[in-house]
Amino acid sequence: MSDKSFNCIRIDTKALQANFSIIRKIAGDRVPVMAMVKADAYGHGMVMAAGAFARAGCTVFGVAELREAVLLRQAGIAGDIFVTLGFAAEDTELLFRYALTPVIYSLEAARVLSGTATALGKEIGIHIKVDSGMSRLGILAADLSAFLEAILTLPGLRVAGIMSHFPESDNPEAESNEKGFAAFSAACSEMKNRCAGIRHIANSGAVLNFPDTWCDMVRAGISLYGYLPEGRPAPDSTKKVDLIPAMSFTTKILQVKTLPAGTGVSYGHTFRTKQPITIAVIPVGYEDGFSRLFSNRGEVLIHGRRAKVRGRVCMNMCMVEVTDVEGVRAGDEVVLLGRQQEAVITADDLAEAMGSISYEVLCLLGNNNKREYIE
Ligand SMILES: *Cc1c(COP(=O)(O)O)cnc(C)c1O
């Protein structure tokens with residue numbers, strides 16, 4: 001049996017490498033770039049993306065869960081691998097076996113880690129996550145002093161760094177940026193008074209907007225995949241970063257037919273033809289990450305022209321109108337993300353149509369289709 005699919009996500013590994021080089025050049029020689037490869041590298045394939053970044057000189061990687069970090073190591077990725085969401089007590093030993101760097105935000109986890117370190121006769125470097133205004137994971141400022149004091153009494157643990165996260169660094173106007181960085185700086189001083197360690201808070205938005213926040217390392221995600229965190233750059237934007245989107249998504253038309261006026265299309269008949277129209281049926285639906293939110297809103301490219309989604313997106317199929325596109329046949333290529341002739345659809349375009357952000361579009365499409373890699 002063939003495992004071929006009509007649908008193909010193509011990842012340009014050269015684009016990934018080029019984007020890493022761009023971000024590294026921006027950050028400069030003094031500030032290392034951690035490549036965030038969580039969520040299967042935002043849909044690009046964690047191992048392949050990490051390999052591409054490594055070839056471009058990356059030596060620090062960030063994932064969400066321990067299992068991802070183990071997979072990276074087993075695939076031969078060297079350097080530091082940060083596990084940012086914690087770990088289950090029974091998996092603690094894996095952090096040592098695979099030389100991983102845990103991010104710590106609870107005393108319980110620190111105690112478990114210390115216990116394992118002692119039992120193994122090893123030491124492990126940890127990074128402490130503080131909450132400087134995101135109200136997500138991390139120790140609140142008020143609790144940091146006591147937390148540090150407790151951590152520093154635990155054998156086998158070495159505080160190697162402190163980190164936080166910006167909620168709105170994609171918006172240079174947002175008040176939370178300065179406030180959050182001030183809170184983080186205070187936390188860094190607190191650490192410095194007690195122990196050594198590096199500091200990192202900047203995500204892609206802060207890499208591009210706030211050089212003062214780069215500290216000792218930056219953590220880039222979306223920019224490495226070719227997109228700006230704030231979405232499409234404004235037409236008058238002076239910001240010049242030539243990031244290259246690395247993902248494209250294509251499929252092939254299954255059937256083409258002309259429907260008479262007054263015909264309902266797809267579930268619920270939410271689209272009804274006013275005059276005869278020609279539709280192409282394509283094998284892409286919400287199961288393939290092409291959200292049902294694209295019903296009657298999305299667009300695809302056929303013969304270099306835009307074709308609108310008509311009616312609801314089904315699980316494995318949807319219909320697009322090709323009345324104005326000449327000579328469309330079953331088997332013709334459809335581009336859902338990427339370039340076809342002179343036309344292009346970006347993840348920001350798709351995000352706009354579904355009321356979301358490029359991050360989600362990349363995860364949805366990339367993680368629900370067969371991927372192919374080109375050099
Ligand atoms: C995902 C993530 C980043 C990267 O954010 P981008 O906006 O994609 O650059 C940075 N830090 C942490 C902790 C993250 O989880």
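Position 1 is the first residue of the sequence, and the numbers go up from there. Counting starts at 1 for both ligands and their atoms, in listed order. Below, each value reflects all heavy atoms present in this structure, side chains not excepted, and no hydrogens, waters or symmetry copies.
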(message) According to salt bridge (charged side-chain N to carboxylate O under 4.0 Å, His left out), does anything in residues 296-319 pair up with another residue at least two apart or in another chain? List the pairs.
(response)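 The answer is E299-R306, E299-K308, R310-E321.
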(request) Evaluate the ring planes of F82 and H200, with Trp represented by its six-membered ring, and classify them as parallel (under 30°), tilted (30 to 60°) or perpendicular (over 60°). (result)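 Correct class here is perpendicular.
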(request) Measure up the Y225 and F53 rings against each other and bin them: parallel (under 30°), tilted (30 to 60°), perpendicular (over 60°). (result)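 Ring orientation, 0 to 90° scale: perpendicular.
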(message) Students should find this: residues with any non-hydrogen atom under 4.0 Å from ligand 1. What is the answer?
(response)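 Residues M36, K38, Y42, H165, N203, S204, R219, A220, G221, I222, Y359 each place a heavy atom under 4.0 Å from ligand 1, listed by chain and number.
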Throw together a table of side-chain donor-acceptor distances under 3.5 angstrom for residues 354-365, partners on residues two or more places apart or in other chains.
{"residue": "S356", "atom": "OG", "partner": "E360", "partner atom": "OE1", "Å": "2.4"}

(message) So, using salt bridge (Lys or Arg N to Asp or Glu O under 4.0 Å) as the criterion, who are the partners of D40 when residues are at least two apart?
(response)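 Counting only residues at least two positions away or on another chain, D40 forms a salt bridge (Lys or Arg N to Asp or Glu O under 4.0 Å) with R371.
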(message) Within the 3.5 Å criterion, strictly below it, is a donor on S169 or N203 matched to an acceptor on the partner's side chain?
(response)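 Result is yes, a qualifying pair exists.
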